[in-house]
Amino acid sequence: MARKRLVSGMRTTGSLHLGHLLGTLENWVRLQDDYDCFYFAAVWHAFTDRLKIENLPAVVEEMIIDWMSVGIDPARAVIFRQSSLWEHAELSTILGMYTPLGWLERCPTFKDDVRDDESRSQVSLGKLAYPVLMTADVAVYKAEVVPVGRDQLPHLELSREILRRFNGQIAPIFPEPKELLSEVPLLLGIDNRKMSKSYGNAIELRESPDSLKQKIHLMITDPQRVRRHDPGNPDVCTVYAYHRIFTPDRLPEIAAGCRSAGIGCRDCKGILFERLEGRLAPIRQRRLDLEKKPGLVREVLAAGERRAHEVAAQTMDEVRRGLGFQG
Ligand code: TRP
Ligand code: SF4
């Protein structure tokens, strides 16, 4: 039986961190076994809230290397840049005609950005149309399945409505894409705020062992635990929050050790270092191997973009015929 088509994108906003690994990439790697996967760099989406991305070619290349170093496999998944496939833009323009403004303005991600007149004057048309472009990204490959995080659910709901409307008015061309939600643990930054490159609190996939050690050293522990013999409370400690995710097999031991002052924060951080290093070391090694092959990313993208174009061009033929653009 043919495998279902799956599409997902990741915005090119900078280097990838542990949050991307747990939240998205590990899931993408697994899905390669069961679906016809199309994974792309959402370059245009990255511009919806910034006017410029310094060194974009390098940002894209590093992201693709990161994907491959965690196990996204160009032999099993189609890997490409949104910005190389004009069909995404064409379909987005067309689907925009089937998208009432009210639907977009009600979208929670847009409402969060437009709170007052001041922010209204800053937010771009591109940002308003974010879900329309996302719909085109998925529909142009007739994807049935879209792995996304919970924050993207309203967008996918909108996608279904837009496509339903197009299908009803023009021709039943598009399947209604279903989300594939992965339950992922929330991983906070080393300062206990949302993990984000812009806060400087992220543990990056490219972290060296030394800087990993340094970041773990900076992690906030139980502030009441001042001296080594003070008992601690793991429930308020960032290090322990990481252990919950990365050291599930030793949790009771660590919690008890903390509460009884049996282990010190330094020991506790040492255990975490070993765990995280165990995850990052193989990724680092694969990246080194990939970086030894100059031109690799370029070849992967060229092949991916050829394949993506084949599929997208066929869909757009149907769309253009349906609308009467061509005979
Ligand atoms: N909006 C998605 C995010 O920020 C990225 C994205 C763009 C996407 N187009 C997509 C995801 C199409 C899935 C399908 O995570
Ligand atoms: Fe946190 Fe570990 Fe220190 Fe307890 S021992 S406060 S869990 S770092």
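Just so you know, ligand 1 is whichever comes first in the structure, and atom 1 is the first atom listed for that ligand. We use all heavy atoms of the structure for the numbers below, so side chains are in, but hydrogens, waters and symmetry mates are not.
Sorted by chain and number, the residues within 4.0 Å of ligand 2 by heavy atom are T221, D222, R225, C237, V239, Y240, C258, C265, C268. Listed by chain and residue number, the protein contacts of ligand 1 are S8, G9, R11, F40, A42, H45, Y130, M134, D137, V138, V146, V148, Q152 (heavy atom within 4.0 angstrom).
A salt bridge links D249 with R275: the closest approach of a Lys/Arg side-chain nitrogen to an acidic carboxylate oxygen falls below 4.0 angstrom. Between D73 and R76 there is a salt bridge, with a side-chain nitrogen of the basic residue lying less than 4.0 Å from a carboxylate oxygen of the acidic one. Comment: E277 engages R284 in a salt bridge, judged by a side-chain N to carboxylate O separation of less than 4.0 angstrom.
Residue I263 shares its hydrophobic cluster (ILVMFWY side chains chained together at separations under 4.5 Å) with Y240, L251, I254, I271.
Annotation for R150: atom CZ does not count as buried by contact number, only 12 or fewer foreign heavy atoms lying within 6.0 Å.
Annotation: salt bridge (charged side-chain N to carboxylate O under 4.0 Å, His left out) contacts involving residues 135-149, sequence neighbours excluded, comprise K142-E318.
For the side-chain contact (heavy atoms from CB on, under 4.5 Å) criterion with V132, the lone passing option out of L91, L95, T93 is L95.
Between the side chain of E299 and the backbone N or O of L296, no donor-acceptor pair lies under 3.5 Å.
Ring planes of Y98 and F166: perpendicular class, angle over 60° (limits at 30 and 60°).
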